[in-house]
Amino acid sequence: MQKDPSDKRLIIFESDQLQRLFDALHSRGYSIIGPTVRDDAVVLDVISSPGDLPVGHACERGKATCRLKSRSDDAFFGVTVGPHSWKRYLHVPALRLWEMTREQNEIKMSAAPHPPLLQAFLGVRSCDLHAILILDRILANGDYVDPAYKARRDSTVIIAVNCTEADGTCFCASMGTGPKAESGFDLALTEVLQGDRHFFIAESGTNLGKEILSDVGSTDAEEGERIAAVEGIARAAGRMGRQVNLDGIRDLLVRNPGHPRWDEVATRCMTCGNCTMVCPTCFCTTVEDSTDLTGARAERCRLW
């Protein structure tokens with residue numbers, strides 16, 4: 001991702017111009033992945049137009065509670081983070097590593113290809129963006145690079161959406177991970193509903209983001225429009241349902257590996273593995289070998 005720190009322009013475009021963003025991405029060959037409503041929840045899936053977004057929906061989330069409800073407006077991104085994470089499109093749940101075939105007395109082995117997949121993430125929240133950056137640090141920029149992850153990551157455009165809503169389980173403000181995306185994106189959008197107006201304030205974070213944004217609009221946001229966006233983000237920061245005190249938190253954890261709290265959590269654990277599946281930063285995997293009944297073909301797959 002090529003950074004472009006010199007361009008700090010904030011561009012405004014109206015909500016009915018959002019289709020231009022889809023058109024700009026599709027014209028460059030990107031498959032767009034974003035939030036949509038399915039099975040009474042906001043999930044991540046391939047979307048083709050603004051109408052696929054959770055328009056007019058909001059989330060009501062608390063302890064052991066997560067429900068969709070209707071909004072009184074047509075906000076495209078009026079929901080908070082859903083049960084899916086972007087991890088599944090970068091560090092995929094199942095990946096074939098190699099295949100081996102036997103023809104007569106000859107055994108042939110071939111590595112599975114990992115071709116670049118052009119994909120655009122639309123609607124990435126700041127908390128999820130921080131999670132992606134953690135995966136980048138381990139799987140793309142560490143000592144042992146995962147080629148499958150890096151190929152997908154290098155061909156992915158990230159369009160962040162700054163949060164103007166928070167719910168009962170949000171705590172990013174106290175963690176310094178939101179509600180505004182500060183870096184790591186190609187584009188960042190802030191949705192503003194102000195009286196009869198419905199518009200987006202957009203900021204580019206890379207040269208590619210600037211090119212895409214130029215296809216959407218090129219009008220500089222005025223001071224009042226910028227202020228409206230800032231105030232929306234500030235309201236979200238003030239509505240966080242939870243706070244985390246970070247003072248000495250590392251040492252606190254290191255000192256208490258046998259604390260009774262862990263036993264209490266363990267008594268409720270059903271060993272379903274779902275915590276690992278939904279965690280946006282877990283990258284643990286297992287390896288499974290399989291063969292057909294004839295013994296002529298075998299493969300090795302990596303699984304979450």
Side-chain angles (χ1 to χ4, degrees), residues 1-13 21 33-35 44 76-82 85-87 89-90 120-142 153-154 156-167 169-192 199-214 216-217 220-221 223 225-247 249-250 279-281:
M1 182 168 59
Q2 186 180 6
K3 295 182 179 179
D4 181 29
S6 62
D7 188 354
K8 296 298 182 183
R9 293 176 62 196
L10 293 180
I11 303 299
I12 183 172
F13 63 90
L21 177 58
I33 301 165
L44 299 177
F76 291 97
F77 299 100
V79 296
T80 50
V81 176
S85 77
W86 302 94
K87 175 182 71 172
Y89 297 100
L90 295 171
F121 293 173
L122 173 59
V124 181
R125 306 300 177 144
S126 182
C127 55
D128 276 336
L129 183 53
H130 277 80
I132 291 174
L133 295 178
I134 289 175
L135 292 179
D136 286 353
R137 188 174 67 198
I138 304 300
L139 300 176
N141 304 321
R153 184 67 175 91
D154 288 346
T156 297
V157 169
I158 291 185
I159 302 171
V161 170
N162 295 320
C163 292
T164 56
E165 300 285 347
D167 62 34
T169 58
C170 287
F171 55 92
C172 67
S174 61
M175 296 290 291
T177 56
K180 184 182 187 300
E182 300 290 351
S183 63
F185 54 81
D186 295 283
L187 276 179
L189 309 178
T190 305
E191 185 175 18
V192 179
F199 58 89
F200 289 90
I201 301 294
E203 174 190 2
S204 60
T206 63
N207 288 327
L208 176 58
K210 184 165 63 173
E211 292 173 9
I212 294 171
L213 187 56
S214 68
V216 181
D220 289 333
E223 182 179 1
E225 295 161 340
R226 294 170 180 238
I227 291 174
V230 170
E231 288 177 345
I233 297 171
R235 283 195 300 271
R239 293 173 181 169
M240 296 285 151
R242 297 180 181 179
Q243 285 188 329
V244 177
N245 183 0
L246 300 182
D247 293 340
I249 190 170
R250 179 193 175 277
C279 175
T281 58

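If you read the sequence from its start, that first residue is 1, and numbering goes on from there.
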To the closest 0.5 Å, what do you measure between NZ (Lys87) and SG (Cys279)?
5.5 Å
Any side-chain heavy atom of Phe185 within less than 4.5 Å of one from Val124?
no
Can you list the steps and then say if Val161 with Phe200 is a side chain to side chain contact (heavy atoms under 4.5 Å, CB included)?
CA-CA 10 Å; Val161 170; Phe200 289 90; over 6 Å; no
Set of residues satisfying salt bridge (Lys or Arg N to Asp or Glu O under 4.0 Å) with respect to Arg239, sequence neighbours excluded
Glu165
Starting at CG of Leu187, measure out to CG of Leu208 and round the result to the nearest 0.5 Å.
8.0 Å
CG of Asn141 to CG of Leu135, rounded to nearest 0.5 Å, is 11.0 Å
Looking at every heavy atom in both Phe13 and Ala202, which two are closest together, and how far apart are they?
CE2-CB, 4.0 Å
For Glu191 and Phe77 the tightest heavy-atom approach is OE1-N, 2.9 Å
Please tell me if the side chains of Ile11 and Val216 come closer than 4.5 Å, counting only heavy atoms from C-beta onward.
no
Test applied, side-chain contact (heavy atoms from CB on, under 4.5 Å); reference residue, Pro179; option that passes from Ser126, Cys163, Cys127
Cys163
Looking at CZ of Phe76 and CG of Leu122, how far apart are the two atoms once the value is rounded to the nearest 0.5 Å?
10.5 Å
Mind listing the closest non-hydrogen atom pair of Ser214 and Glu211 along with its distance?
OG-O, 2.5 Å
Any side-chain heavy atom of Glu223 within less than 4.5 Å of one from Ile227?
yes
OG1-CD1 distance between Thr281 and Ile134, expressed to the nearest 0.5 angstrom:
5.5 Å
Applying the side-chain contact (heavy atoms from CB on, under 4.5 Å) criterion to Phe121, which one of Val157, Leu44, Leu90 satisfies it?
Leu90
Answer yes or no: does atom OH of Tyr89 have more than 12 heavy-atom neighbours from other residues, nucleotides or ligands under 6.0 Å?
yes
Would you say the side chain of Leu246 lies within less than 4.5 Å of the side chain of Val244, judging by non-hydrogen atoms?
yes
Distance (rounded to the nearest 0.5 Å) between Ile249 CD1 and Met175 CE
6.5 Å
Step-by-step side chain to side chain contact (heavy atoms under 4.5 Å, CB included) determination, Arg153 to Ile132:
CA-CA 9 Å; Arg153 184 67 175 91; Ile132 291 174; 3.6 Å; yes
Quick check: closest heavy atoms across Asp247 and Asn245, and the distance to 0.1 Å?
N-OD1, 3.1 Å
Specify the closest pair of heavy atoms between Gly209 and Ser204, including all atoms of both residues, with the distance to one decimal.
C-CB, 3.9 Å
Is the side chain of Arg125 donor-acceptor paired with the backbone N or O of Thr80 at a distance under 3.5 Å, no angle test?
no
Please determine which of Val192, Ile201, Asp220, Thr190 meets the side-chain contact (heavy atoms from CB on, under 4.5 Å) test together with Ile12.
Ile201
Any side-chain to backbone donor/acceptor pair from Asp186 onto Ile159? Under 3.5 Å, distance only.
no
